[in-house]
Amino acid sequence: MATRAAIGMMQADGSVNAIYLHWDGYPGHAGAVLSGWYKTPEQVTALLDLGDLSEIEPDLEKCVAYHRDRHEPYREPSVYADREEFQNKGKADFGADYLYLYENGKWSVYGLYNDSDWNELDVRIHKILAFHKKKRFKDDFLTRPGKFYP
């Protein structure tokens with residue numbers, strides 16, 4: 001079963017442009033990908049320009065967009081007058097469990113269980129050094145199952 005989400009970006013006039021995300025919209029995936037990899041207005045705009053998404057990935061080219069990858073009709077991002085309208089109507093309009101909003105260089109999520117407010121997302125991508133046969137290798141990662149790296 002899908003965990004649907006809406007991904008929005010605050011515009012200069014205070015309106016919000018938003019697209020639909022079908023799979024893995026929960027904060028542990030979509031929230032982590034958005035705040036870990038889509039950090040600039042240009043990156044977020046490029047993501048929204050794809051239109052509605054089936055899947056989101058750290059690499060824009062690996063995201064699955066309904067129009068680009070499945071040749072379905074392009075759907076313009078939905079436009080909300082402001083953050084409040086996005087909050088009040090977005091979940092119902094998209095059938096979404098979570099709403100994500102990029103504003104002032106930061107990501108927030110709305111729809112966390114038992115929380116009626118927006119929560120800022122803060123995901124950091126760590127680089128670690130691993131030693132193998134006395135050679136150093138850099139390894140980029142977000143999570144490793146069963147292990148924690150500071």
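Computed from a predicted structure; not experimentally measured. All values below come from the heavy atoms of this structure, side chains included, with hydrogens, waters and symmetry mates left out. Note that the numbering runs from 1 along the sequence shown for the chain.
Qualifying side chain to side chain donor-acceptor pair (under 3.5 Å) partners for S78, counting only residues two or more places apart in sequence or in other chains: none. Applying the side chain to side chain donor-acceptor pair (under 3.5 Å) criterion to N119, with sequence neighbours excluded, gives D115. Under the ring-ring contact (aromatic ring centres under 6.0 Å, His included) criterion, F94 pairs with no residue at all, not counting sequence neighbours. In this structure D52 satisfies the salt bridge (charged side-chain N to carboxylate O under 4.0 Å, His left out) test together with R75, sequence neighbours excluded.
Rounded to the nearest 0.5 angstrom, E55 CD and C63 SG are separated by 9.0 Å. One finds the CH2 atom of W37 at 10.5 Å from the CD1 atom of I56 (value rounded to the nearest 0.5 Å).
For the residue pair W118 and Q87, a side-chain donor N or O sits within less than 3.5 Å of a side-chain acceptor on the partner. Side chains of Q43 and T40: a donor on one and an acceptor on the other come within 3.5 Å.
Side-chain contact between E61 and R68 is present, with heavy atoms from C-beta onward closer than 4.5 Å. Counting only heavy atoms from C-beta outward, the side chains of V109 and L99 never approach each other to under 4.5 Å.
A distance-only check finds no donor-acceptor pair linking the side chain of K106 to the backbone of Y102 [under 3.5 Å].
Y110 and Y100 fall into different hydrophobic clusters, defined by Ile, Leu, Val, Met, Phe, Trp and Tyr side-chain heavy atoms under 4.5 Å apart, directly or through other members.
Listed by first and then second residue, the salt bridge (charged side-chain N to carboxylate O under 4.0 Å, His left out) pairs that reach into residues 84-95 are E85-K89, sequence neighbours excluded.
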What donor-acceptor contacts under 3.5 angstrom involve side-chain atoms of residues 5-23, with partners at least two apart or in another chain?
residue: Q11; atom: NE2; partner: M9; partner atom: O; Å: 3.1
residue: D13; atom: OD1; partner: S15; partner atom: N; Å: 2.9
residue: D13; atom: OD1; partner: S15; partner atom: OG; Å: 2.6
residue: Y20; atom: OH; partner: R4; partner atom: NE; Å: 3.0
residue: Y20; atom: OH; partner: H22; partner atom: ND1; Å: 2.5

